[in-house]
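FYI, the numbering just counts along the sequence from 1. Counting starts at 1 for both ligands and their atoms, following the listed order.
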Amino acid sequence: MQAYRASLLRFDAAGQPVFDEDGLLVVGPDAAGRQRVLDAGAHAAVAARHPGVAVMHWPGRILAPGFVDMHIHFPQTDIIGAPSEGLLPWLENYTFPAESRFAVQAHAAAVAEIFFDELLRNGVTTSLTFATSHPQSVQAFFEAAQRRRLRMITGKVLQDRHSPDGVRDQTEQSLIDTESLIRQWHSVDRLGYAITPRFAPTSTDAQLRGAGELAAKYPDTWIHSHVAENKDEVKWARELFPGARSYLDVYAGFGLMRERAVYAHCIHFDDDDRRLMRDTGTASAVSPTSNLFLGSGFFDFEGADRIGCAYGLASDVGGGTSFSPFSTMMAAYYVGREGQTKPGISIPPSQLWWRHTAGAARALGLDGVIGNLQPGCEADFLVIDPKATPLLARKTSLANNLEELLFAMIVLGDDRLIERTVISQALP
Ligand code: GUN
Ligand code: ZN
């Protein structure tokens, strides 16, 4: 058992923040040797329940759950900031050429290391991650994640049409490869498999049908794709699937909407689409830096809340412009301003933070496992230094309450706030 004393940020079951100015976090191994939170709360009360426990004291620091990135592409690490007039030319000119290099496993392995270094430096401890269409990219990713003992999710991209040589796969082989990767990696250590059709326009009916059949056969795998990001993409999808009520409905028709299905973007939706998301237990990965960068549009937070949709925040690197959850939360705040009909601030800071930690974990079906520091959660946590820069030191010391403190970090923060990222199992 080991205890950490500092300020402590957690969330309750309703998504409200719980903050102990002088907190204590007690962690210890479970039967599998995985470090979990055993107890958490005010120092005086928690210390009294664990006499003699070794305490590491980090004065002036904040312990917080590791961030959860609901949608990111590890092979796009090198194309952050590629200028383009919009999604489809960006895919053609930058993304597919970059992804074609992942046919070489050594290249995939080298980029995976850079990707994990970057995630951890920014305080992200779990991500739902696109690989490429090459099974080797998935092997490289899982091998590196396993070595680092991370909770990570990825899958081989399925794209058997409207894709150039070098990234296009073959229908039957793509499904065989997907199933063998599920059998090899899903639920091994803290790794999870996501069945990953790139988006409906780049898969044939046969590939989408096969993906849906695998999703039914392996119901605790994830499903991960894109939908309704860009107006040209929506128009193209409607032309390719004239029988579907909407672009989203294409996925429903192939059995690709269920619990643990996650769709990035979900911008150009109507209320029928939102109800379909809610009723099937499907979640949205909201990717505001990407949507602003590529000019895709603005996620409708009020619409999602009105209908009761599950969603969380995501970087969508490399369409997204930063690995930092602080950048993503800031961009979500800006996007929340667009179309805002209710008076008041945009999204409250603690809600932004929840949507990138415990709320994202809930949307992924990992409630109580990651994204929080309540008893039972895996001990992936951050040591945050709120005085990491002169301006942060000044601004955080002026905060009158928790919302102001969190907002100061969201507005001014970057990777310098993350003094240390502690991974469950990697503790001494
Ligand atoms: N739609 C299909 N593929 C992609 C991708 O790689 N990035 C984004 N942002 N949207 C997509
Ligand atoms: Zn994406």
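The aromatic ring centres of Y218 and H186 sit 6.0 Å or more apart. Within the 6.0 Å centre-distance limit, the rings of Y333 and F407 are counted as a close aromatic pair.
When heavy-atom distances to ligand 1 are checked against a 4.0 Å cut-off, T202 has no atom that comes that close, whether in backbone or side chain.
For the pair F130 and ligand 1, no heavy-atom separation below 4.0 Å is found. Using 4.0 Å as the threshold, H265 has a heavy atom nearer than that to some atom of ligand 1.
For the Zn ion (ligand 2), the count of nearby protein N/O/S atoms, taking only those under 2.8 Å, is 4.
Salt bridge present: D415 and R121 bring a charged side-chain N and a carboxylate O closer than 4.0 Å. A salt bridge does not link D78 with R101: none of the charged nitrogens is closer than 4.0 Å to a carboxylate oxygen. The pair E302-R306 does not count as a salt bridge, with every side-chain nitrogen at least 4.0 angstrom from each carboxylate oxygen.
In terms of polar-atom proximity, defined here as any N/O pair under 3.5 Å, R198 does make such a contact with ligand 1. In terms of polar-atom proximity, defined here as any N/O pair under 3.5 Å, W90 makes no such contact with ligand 1. Any N or O atom pair closer than 3.5 Å counts here, and E229 shares at least one such pair with ligand 1. Some N or O of Q76 is nearer than 3.5 Å to an N or O of ligand 1, by distance alone.
No hydrogens or angles considered: nothing links the side chains of Q35 and D30 as a donor-acceptor pair under 3.5 Å. Side chains of S424 and D380: no donor on one and acceptor on the other come within 3.5 Å. Under 3.5 Å, the side chains of D305 and Y311 contain a donor-acceptor pair of N or O atoms. Side chains of S174 and Q207: a donor-acceptor N/O pair is present below 3.5 angstrom, by distance only.
Environment of CD in E172: sparse, with no more than 12 heavy atoms of neighbouring residues, nucleotides or ligands closer than 6.0 Å.
In the vicinity of H73, heavy-atom distances shorter than 4.0 Å reach the ligand 1 atoms 5 (C), 6 (O), 7 (N).
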